Amino acid sequence: MTESAASPLVLYDTLSAGKKPLELLEPGRCKLYVCGPTVYDMSHIGHARAAVVPDVLVRFLRASGIEVLFVRNITDVDDNIIRRAATEGISVDAVTSKYTAAYHEDLGALHCLRPDIEPRVTDNIPQIVALIERLFAAELAYASDGDVYFRVARFAGYGALSKRNLDDMQAGARVEINERKESPLDFVLWKGAKPGEPTWDSPWGPGRPGWHIECSAMSLRHLGETFDIHGGGRDLIFPHHENEIAQSQGACGPGTFARHWMHNGFIDFAGEKMSKSLGNFFTIREVLALYLPEALRYFLLGVHYRSGLNFDVEVPCPGCGQLLTPEQQKPGSTCPSCAAPLELARLRAQVRFPGLEEADERVAYVYDTLARCERALAVVAPNPEDGVPNDVSPAVAGMLSAFVAALRDDLNTAAAIAALSESLREVNRQLEFKKKPDIAARRPTLVRFLADMGVVSQYLGLFAEDPATYLRQRRDRKAARQRLDVAEVERLLRMREDARAKKDWKEADRLRAELGLLGVTPQDTAEGSTWTL
RNA sequence: GGCCUGGUAGCCAAGUGGUAAGGCAGAGCUCUGCAAAAGCUCUAUACGCCGGUUCAAUUCCGGCCCAGGCCUCCA
C-alpha cells in the first residue's frame, strides 16, 4: 500500500530511454501536459489514439487516488488554419471553432475525459511574448527582419530527447535555406506579419507565434516551470518537443520542465504511414459511422501504446467483391477481375476494417457476459453466505489485481485486457448451470465479477454502458447501416413465433426464409426468438 | 547518409535468463422442431539469420538480413 502510494506507476520515459517509476513532484498530485490538435480539419484515428492513450493514463492515476491536473492545448493559429480559411472561404475564427467543436465531439464519443484546462494559443499571446523576452535576456533569441529565432547552438543539450547531436543534424539537414537565420537549425519563435494573416503586436513588430513556443508558454502558465509528465505522438519528439525543452529550460534554467516524456506510437496501414490517399486515411467520424465508439476504443487499447498499430483496411470491388490492393484502388481505374469501374465514393462506402470488427465482437462478448450475469442475479435472491470470499472462484478473485498490475507496468493495456479473459470465460461457465440452486451457490462469484468489472470500466473507459442498451444499440446500428425496417422485422418475427408455438414448422420456416431475404437471421432461445444480422 | 524502433504459431498481439499471455481463425460439444446465434472445450514442438557470454537465451552482447519511423508540417 505504502509502496504503491510512493510510485503508482512505472512508465517508459523517452528522455532516459527506459522505464522508470513515476515520482511525482508533489505526492498525490500529478501535473500533465499533452500536445493537442491544430484545429484545421477533421481528426483522424491517429488523433484518436493520441487522445485515448493519455486518457487511460489520467484514468489510471485518478483511480490510484492521485489528483491529476491535465492540460491539453488547442493550436488555433498556424499556416494550415490560415490556408484552410482561404479554401473554405471563411474566417480563421470560423475554421478553428468549427474544428474544435468537431474534435470535442469525436473525443467525447470515444469516452475521453476532457482536460482540466484546454488553453488556446490566441488566449496566450502575452505569455508567449513574455517568454520570448526571457529568451532574449538569455541571448537565446534574436530578431531578424521581423522574425525572431531561437539560437540552437547556444543551448547546451539540444538533441537529448531525440538522441541526436548537432553534427548529425547538420550532416543530414534537409532544412530550407533561410537567409534570416544564423544557422539552419535555428527555429522560429515569432513570425513577422504577412498581409491577410492574424497578427499581434510585439516588441519585434507585428506577427504571430511560431509553433513550438506556444506549448512552452502554456505549460509554464498552467503547470509552472516544472511538471510531471509531458505527452504526445512519437513524431513530435523532433523537432517539437526538443524545441520545447530548449525554450523552457533556456528561459527557466536546467532541471526545469517535464520530468517524464511519454510518446504514443503511430497507426499505420499495411505497414505504411497514414496519408490522404483512398485506402489509408480515415477520420474518426468515418469510422464511427460504421462501428460503435467502444469498438474503436477497444481496438486502440488492444496494443501497447508505444507500438505501432496496424489498421487493416479491406476494400472490396463493388462489382465482384474481390479485395483490391491500394494500387488498384486508384480513382478512375477498373476492377482487374470483373472490369467494373471503381469510383471513390462507392469504394469508401463498403470499406471494411477487420481489426475493428474483431474488436466490436469482443466488446459485445463482454457486454453479453455482463448482461447474462445481471439476468442470473436478478433471478436469485441474495443469501447470507454471499460475503464469504472463499466462495468466489479463483479466476474471478484474481482478475482485478492482475488487471491493475498490467497497467502499472507502463500502462500495458494489451496485457490488462488479456487478464480479463480468464474470468470472462469462468463466469460464462458458471452461468451455464441453469438450475436455481447452482446459480445461488455461484452468486458470490457473479457479484464479485460485476463489481470488479465496474472498476475495470473506470480504468479503460469501456464497458460502462448498460449492457442491454449497448447490445440493442449495436444491433440497431447494424440494421440502420443495411437500411432495415426494424418494425417490419419484428412483425415477421412475431408471426414466426406464433407459428412455432403452434408447431407449424412449415410456416415458421417460410417466415425464416422471408426474413432471410432481408438479411435477418432469427434465433430461437429459451426466452423467445430474437434476431441478428 | 545520420539517428531510432521492431521482426513471437495461418493472422493480430503481450511477455520473459530457465523452455511462451490473450484475441481471431480451425476442430469438437452444449443448446435447438430443424437451424442459427451464443457459450464452453480442445488445438498448434511460434520467438528473423549467424556467432558470442552463460549451467541455461526467444529474452544479454556483436554481426547480418528484413520491415518501419524520424531527420520538413504531422498524433
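First the proteins, then the strands, lettered A, B, ... as listed; each starts at 1. From a predicted model like this one, the values you see are computed outputs, not experimental measurements.
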>> Regarding A:His304, tell me which of base, sugar-phosphate or nothing describes its non-hydrogen contacts under 4.0 Å with the strands shown.
In response: sugar-phosphate
Looking at [Y], is its backbone amide N or carbonyl O close enough to the side chain of [X] to form a donor-acceptor pair, meaning the two atoms are under 3.5 Å apart?
X: A:Tyr367; Y: A:Glu465; answer: yes
X: A:Asp186; Y: A:Tyr149; answer: no
X: A:Glu294; Y: A:Leu462; answer: no

>> Looking only at side-chain N and O atoms, does A:Arg120 offer a donor or acceptor that is under 3.5 Å from a partner on A:Thr122?
In response: no
> Side chains of A:Glu426 and A:Ser423: is there a donor and an acceptor less than 3.5 Å apart?
Replying inline: no
>> For a stem of at least 3 consecutive Watson-Crick or G-U pairs with distances under 3.5 Å, i pairing with j, i+1 with j-1 and so on, which stems involve RNA chain B?
In response: B:1-7 with B:65-71, B:10-12 with B:22-24, B:26-30 with B:38-42, B:48-52 with B:60-64
Mind calculating the distance between [atom1] ([X]) and [atom2] ([N]) to the nearest angstrom?
X: A:Tyr305; N: B:A14; atom1: OH; atom2: P; value: 13 Å
X: A:Gln523; N: B:U30; atom1: CD; atom2: C1'; value: 16 Å
X: A:His263; N: B:C4; atom1: NE2; atom2: P; value: 16 Å
X: A:Lys191; N: B:C73; atom1: NZ; atom2: P; value: 9 Å

>> I'd like to compare against my own output: the B/S/- annotation of nucleotides 19-25 of chain B with a strict under-4.0 Å heavy-atom distance to protein.
In response: --BSBS-
Residue-phosphate contact under 4.0 Å: [X] side-chain N/O, [N] OP1/OP2:
X: A:Asn412; N: B:G15; result: yes
X: A:Tyr365; N: B:C40; result: yes
X: A:Ser162; N: B:G2; result: no
X: A:Arg429; N: B:U41; result: yes

>> Under 3.5 Å, is there any donor-acceptor pair linking the side chain of A:Asp509 to the base of B:G33?
In response: yes
>> Among B:C3, B:U5, B:G33, which nucleotide has an atom closest to any side-chain atom of A:Arg234?
In response: B:U5
> When you compare B:G69 with B:G52, how far apart are their P atoms, in angstrom units rounded to a whole number?
Replying inline: 35 Å
> Is it true that atom CD of A:Gln523 has more than 12 heavy atoms of other residues, nucleotides or ligands lying nearer than 6.0 Å?
Replying inline: yes
> Does any pair with a residue in residues 74-83 of chain A pass salt bridge (charged side-chain N to carboxylate O under 4.0 Å, His left out), and if so which ones, sequence neighbours excluded?
Replying inline: A:Asp79-A:Lys191, A:Asp79-A:Arg208
